[in-house]
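Quantities reported herein were computed from a predicted structural model and do not represent experimental measurements.
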Amino acid sequence: MAANTFKLLEFGELLSLLGCYIGSPLGKAKLPSLVPCADLETITTRQQLAAEAREYLRSSMGSPGAMGGGGQETGSRTLALHFSGFTDPVPILQKVSVEGTILEIPEIAELLSFASQAADVKRALLAFEVRFPHLAGEAARIGNFHFLLKELGGKILPSGELDDHASLELRRIRRDMEKQRSSILSSLRNFMRTQSEDIP
């Protein structure tokens, strides 16, 4: 599409307005690359996704209604989805793709948080697959992080440190370190006391 056509359509202003409603850095990064599409099938699919997304939002914020289908009980509601907590995992994934790279604990915690939120979104949308088939189709493309979350979930403390129960070896090392610390402090106190006694 010609540049003057974009200008006539005020497409740049539309993107700016749309950006005010994007809650994740990944969405904001994708925004500048959006361009109008001329393929009828793609347009139809995107319109169906948008329609389902609007209805999903109404259902998550409005009063309960009969959902029907998909194994859902009558009167159940969709779960509200929040994307503002998502961070951009690309820099960390690029780092870990280099052989021999070791991630810092905060970086691992960030990836776990991203995986957990992605799993929540997938679970919420697939639960209403019958009512929102296009959204569920997008959700099905999200990877399965069950093993990762099971193995590492809860092993990083809010402080950013590894929990003692993360592994038996870690617990042993920390216990040994604490013993060494106590021994050094005890020796230091004894030394200071001896020195003070020797002072005339």
Side-chain angles (χ1 to χ4, degrees), residues 6 11-12 14-37 39 42 45-46 49-50 52-53 56-57 60 78-129 132 134-181 184:
F6 279 101
F11 194 70
L14 175 62
L15 292 182
S16 297
L17 179 62
L18 181 60
C20 297
Y21 297 92
I22 298 177
S24 74
L26 289 175
K28 289 184 182 297
K30 187 174 179 61
L31 183 63
S33 65
L34 293 181
V35 293
C37 177
D39 180 69
T42 301
T45 299
R46 290 178 179 176
L49 276 170
E52 287 187 10
Y56 189 100
L57 287 174
S60 65
T78 62
L79 297 176
L81 302 179
H82 303 283
F83 298 95
S84 58
F86 278 95
T87 56
D88 186 354
V90 172
I92 299 177
L93 293 177
Q94 289 177 334
K95 178 180 177 180
V96 79
S97 66
V98 178
E99 187 176 354
T101 299
I102 299 176
L103 294 181
E104 301 292 333
I105 293 179
E107 292 174 320
I108 298 174
E110 183 176 332
L111 287 181
L112 286 176
S113 175
F114 185 93
S116 178
Q117 291 179 81
D120 288 343
V121 169
K122 181 176 183 176
R123 183 166 52 252
L125 294 179
L126 289 180
F128 293 91
E129 183 176 7
F132 304 111
H134 293 88
L135 288 179
E138 292 296 306
R141 297 168 56 192
I142 298 174
N144 185 353
F145 304 113
H146 176 74
F147 178 78
L148 177 68
L149 295 172
K150 180 181 179 182
E151 288 296 309
L152 298 179
K155 294 183 178 179
I156 298 179
L157 301 174
S159 62
E161 297 179 324
L162 279 176
D163 189 282
D164 283 344
H165 297 86
S167 72
L168 294 175
E169 182 66 13
L170 176 63
R171 195 184 316 172
R172 184 192 64 77
I173 291 173
R174 284 185 171 171
R175 188 167 54 244
D176 290 345
M177 288 177 63
E178 183 58 32
K179 289 180 180 178
Q180 290 294 330
R181 177 178 176 275
I184 291 172

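Heavy atoms only, all atoms of each residue included: Phe86 and Ser24 are closest at CB-CB, 4.1 Å. A pairwise comparison of heavy atoms in Leu148 and Ala115 identifies CD2-CB, 4.3 Å as the closest pair. The two residues Glu52 and His134 come nearest to each other via the heavy atoms OE2-ND1, 2.8 Å. In terms of heavy-atom proximity, Leu31 sits nearest to Gly19 at CD2-CA, 3.6 Å. In this structure, Ala140 and Leu126 approach most closely via the heavy-atom pair N-CD2, 4.3 Å.
Note that the CZ atom of Phe114 and the OG1 atom of Thr87 stand 7.0 Å from one another [nearest 0.5 Å]. Separation of atoms CG (Asp39) and CZ (Arg46) is listed at 8.5 Å; rounding is to 0.5 Å. Annotation: the span from Thr78 atom OG1 to Leu57 atom CG amounts to 8.0 Å, rounded to 0.5 Å. Rounded to the nearest 0.5 angstrom, Leu15 CG and Ser33 OG are separated by 9.0 Å.
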Inset, instruction - For the pair Leu34 and Leu18, evaluate side chain to side chain contact (heavy atoms under 4.5 Å, CB included) and give the outcome as yes or no after the intermediate values. - result: CA-CA 11 Å; Leu34 293 181; Leu18 181 60; 4.1 Å; yes

Inset, instruction - Evaluate the side chain to side chain contact (heavy atoms under 4.5 Å, CB included) criterion for residues Leu81 and Tyr56: first the C-alpha distance (whole Å), next the side-chain angles of each, then the deciding distance (0.1 Å), finally the verdict. - result: CA-CA 9 Å; Leu81 302 179; Tyr56 189 100; 3.9 Å; yes

Legend entry - Full working for side chain to side chain contact (heavy atoms under 4.5 Å, CB included) between Ser97 and Leu93: CA-CA 6 Å; Ser97 66; Leu93 293 177; over 6 Å; no

Inset, instruction - Evaluate side chain to side chain contact (heavy atoms under 4.5 Å, CB included) for Ile92 paired with Ile108, printing each intermediate quantity in order. - result: CA-CA 9 Å; Ile92 299 177; Ile108 298 174; over 6 Å; no

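At a threshold of 4.5 Å between non-hydrogen side-chain atoms, the residues Phe11 and Pro36 count as touching. Considering only heavy atoms from C-beta on, Leu135 stays 4.5 Å or farther from Phe128 through its side chain. Residues Lys30 and Leu26 form no side-chain contact, since every pair of their non-hydrogen atoms from C-beta on lies 4.5 Å or further apart.
Atom CD1 of Ile102 has 12 or fewer heavy atoms from other residues, nucleotides or ligands within 6.0 Å.
Pairs engaging residues 98-118 under the salt bridge (charged side-chain N to carboxylate O under 4.0 Å, His left out) rule: Lys95-Glu107 [sequence neighbours left out].
For the pair Lys122 (side chain) and Ile142 (backbone), a donor-acceptor distance under 3.5 Å is present.
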